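Since we're looking at a predicted model, the values are computed, not measured.
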Amino acid sequence: MLEIKAINKAFDGRTILKNFSMIVPDGQIVSVVGPSGAGKTTLLRCIAGLEKPDNGRFVLDGQPFDPVVDRGRERKIGVVFQDFNLFPNLSVLDNVTLAPELVSDLKKNQAVAQVHGLMVSLGIAALAEQYPFQLSGGQKQRVAIARALAMQPEVLCYDEPTSALDPTLRDTVGELILDLKRQGITQIVVTHDQTFAQQIADQVVTVSPVKAPVED
C-alpha cells in the first residue's frame, strides 16, 4: 500500500499541491482526475521521484519511502509517460532491456530472458526487432508499459495514457490496465478523461487548482 501524506509543492511562489493526501491499496487502480493546472502531473512526478515535494511524506508498505532516493537502484515506482519517451535509436527489445542492464547490472542475455515473458504477455514479442518509428500508438504504449514493468516496480503510474489514442485504442489500453490489475499490479492513472477513469478505477481522486490567497 502506498500512502501519500500532506504533500505540498510550489513553483515560483505558486502553490500547485497543498496538503494533498491519498491512499493507494495494493492491487488496486486509483485514477487521479482534474482540470489542466490542477497539479495532476506534478503529483505523478512527485510520486515517481522526478520532483521533490516541499514537504509531506510517502509511506510504502508501512515504511517511510523517498521516491527521489528510490530512483537509484530499486525503482519501486514505474512510470509510463504521456509521450512514451522511447529511445528512437533502439529496437523494442533494447528499449525494454536497457534499464535492467544498466541498473541491475544484468548481462544482455540475462535481461532478455527476464523480460521475455513480459513481452509475450503484452503482445509485443513479435515486435522485438522493430524501432519506435515503425510502431502504432497502441504498440508504443505497450512497449512503454513493458519497459516500466521490466524493473519490477511495486506501483505503476501512467501520465495521460489515452491522450494520443483514438476511442478504439483507448478501450484497448483500458483492458490492458485492467489485465495488469488481475495480475496484482498496483496502478495510478493520471488522466483528464473522467469517463475512462470511472471505467477502470477502483477509486477516483479529484484534484482541483489551489486558489491563491486573497490579499487585504
Side-chain angles (χ1 to χ4, degrees), residues 29 31-32 36 40-42 44-45 47-51 67 70-181 183 185-193 196-197 200:
I29 300 170
S31 288
V32 179
S36 297
K40 303 187 302 298
T41 297
T42 297
L44 181 143
R45 291 178 62 84
I47 295 171
L50 299 170
E51 295 283 355
D70 170 68
R71 282 187 60 75
R73 292 188 65 86
E74 294 184 35
R75 298 289 176 94
K76 294 177 182 177
I77 307 295
V79 184
V80 180
F81 296 98
Q82 182 175 354
D83 56 0
F84 313 129
N85 282 8
L86 301 178
F87 294 103
N89 60 317
L90 298 182
S91 68
V92 165
L93 181 61
D94 288 340
N95 264 284
V96 176
T97 59
L98 180 62
E101 287 182 70
L102 294 178
V103 178
S104 302
D105 296 327
L106 295 179
K107 294 182 179 178
K108 182 66 175 183
N109 63 331
Q110 293 174 314
V112 170
Q114 178 174 300
V115 305
H116 176 71
L118 176 62
M119 292 179 66
V120 170
S121 69
L122 289 170
I124 59 171
L127 305 175
E129 300 306 318
Q130 294 193 31
Y131 287 80
F133 76 89
Q134 298 173 294
L135 306 179
S136 68
Q139 290 170 332
K140 290 178 183 178
Q141 182 77 271
R142 288 172 181 266
V143 174
I145 291 172
R147 183 176 63 179
L149 288 176
M151 292 304 296
Q152 302 175 340
E154 294 188 34
V155 180
L156 182 59
C157 300
Y158 305 82
D159 185 12
E160 299 284 3
T162 63
S163 64
L165 306 179
D166 62 36
T168 300
L169 286 176
R170 183 187 74 168
D171 293 341
T172 300
V173 170
E175 284 300 319
L176 177 58
I177 291 172
L178 290 170
D179 185 56
L180 293 174
K181 177 191 172 182
Q183 297 176 40
I185 296 174
T186 305
Q187 298 169 91
I188 299 173
V189 181
V190 167
T191 179
H192 69 283
D193 188 338
F196 179 75
I200 64 167

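Within the structure, salt bridge (Lys or Arg N to Asp or Glu O under 4.0 Å) pairs that include any residue of residues 79-89 do not occur (at least two apart or interchain).
Qualifying side chain to side chain contact (heavy atoms under 4.5 Å, CB included) partners for Ala197, counting only residues two or more places apart in sequence or in other chains: Ser31, Val33, Thr191, Val204. Judged as a salt bridge (Lys or Arg N to Asp or Glu O under 4.0 Å), and not counting sequence neighbours, the contacts of Asp179 are Arg182. When the side chain to side chain contact (heavy atoms under 4.5 Å, CB included) test is applied to Lys40, the partners found at least two apart in sequence or on another chain are Val32, Glu160, Val190, Val207. Remark: Ala99 engages Met151 in a side chain to side chain contact (heavy atoms under 4.5 Å, CB included) (not counting sequence neighbours). Listed by chain and number, the residues in a side chain to side chain contact (heavy atoms under 4.5 Å, CB included) with Thr186 are Val24, Asp26, Val155 (sequence neighbours excluded). Contacts of Asp94 classified as salt bridge (Lys or Arg N to Asp or Glu O under 4.0 Å), with partners at least two apart in sequence or in another chain: Lys108.
Of the possible polar contacts, none joining the Glu175 side chain to the Thr172 backbone as a donor-acceptor pair under 3.5 Å is found. No donor-acceptor pair closer than 3.5 Å links the side chain of Arg170 to the backbone N or O of Ser163. In this structure a side-chain-to-backbone donor-acceptor pair under 3.5 Å is missing from Asn95 to Leu86. Under a 3.5 Å cut-off, the side chain of Gln114 and the backbone N or O of Ala150 do form a donor-acceptor pair.
Scanning all heavy atoms of the two residues, the minimum distance from Gln141 to Val80 falls at OE1-CG1, 3.3 Å. Heavy atoms only, all atoms of each residue included: Ile47 and Ile77 are closest at O-CG1, 3.6 Å.
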* To do: Kindly determine whether Leu178 and Ile29 satisfy side-chain contact (heavy atoms from CB on, under 4.5 Å), including the steps that lead there.
  => CA-CA 8 Å; Leu178 290 170; Ile29 300 170; 3.9 Å; yes
* Tell me, with the steps shown, if Thr42 and Arg45 meet side-chain contact (heavy atoms from CB on, under 4.5 Å). => CA-CA 5 Å; Thr42 297; Arg45 291 178 62 84; 5.7 Å; no
* Mind running side-chain contact (heavy atoms from CB on, under 4.5 Å) on Ile185 and Leu149 for me, showing each step along the way? => CA-CA 10 Å; Ile185 296 174; Leu149 288 176; 3.8 Å; yes
* Trace of the side-chain contact (heavy atoms from CB on, under 4.5 Å) decision for Val143 with Phe84 -> CA-CA 8 Å; Val143 174; Phe84 313 129; over 6 Å; no
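One distance of note links OG1 of Thr41 with CD of Gln82; it measures 7.0 Å at 0.5 Å rounding. Here the straight-line distance linking atom CD of Glu101 with atom NZ of Lys107 works out to 12.0 Å at 0.5 Å rounding. The distance from the CG atom of Asp171 to the CD1 atom of Ile200 is 11.0 Å, given to the nearest 0.5 Å. Within the model, atoms CG of Asp159 and CG of Leu50 stand 10.0 Å from one another, a figure rounded to the nearest 0.5 Å.
Of the listed residues (Leu44, Val173, Ile145), just one forms a side chain to side chain contact (heavy atoms under 4.5 Å, CB included) with Tyr158, and that residue is Ile145.
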Using a 3.5 Å cut-off and no angle test, enumerate the donor-acceptor pairs between side-chain atoms of residues 118-134 and protein atoms at least two apart in sequence or in another chain.
from	atom 1	to	atom 2	distance (Å)
Ser121	OG	Gly117	O	3.4
Ser121	OG	Leu118	O	2.7
Gln134	OE1	Tyr131	N	2.8

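Between Ile177 and Phe196 there is a side-chain heavy-atom pair separated by less than 4.5 Å.
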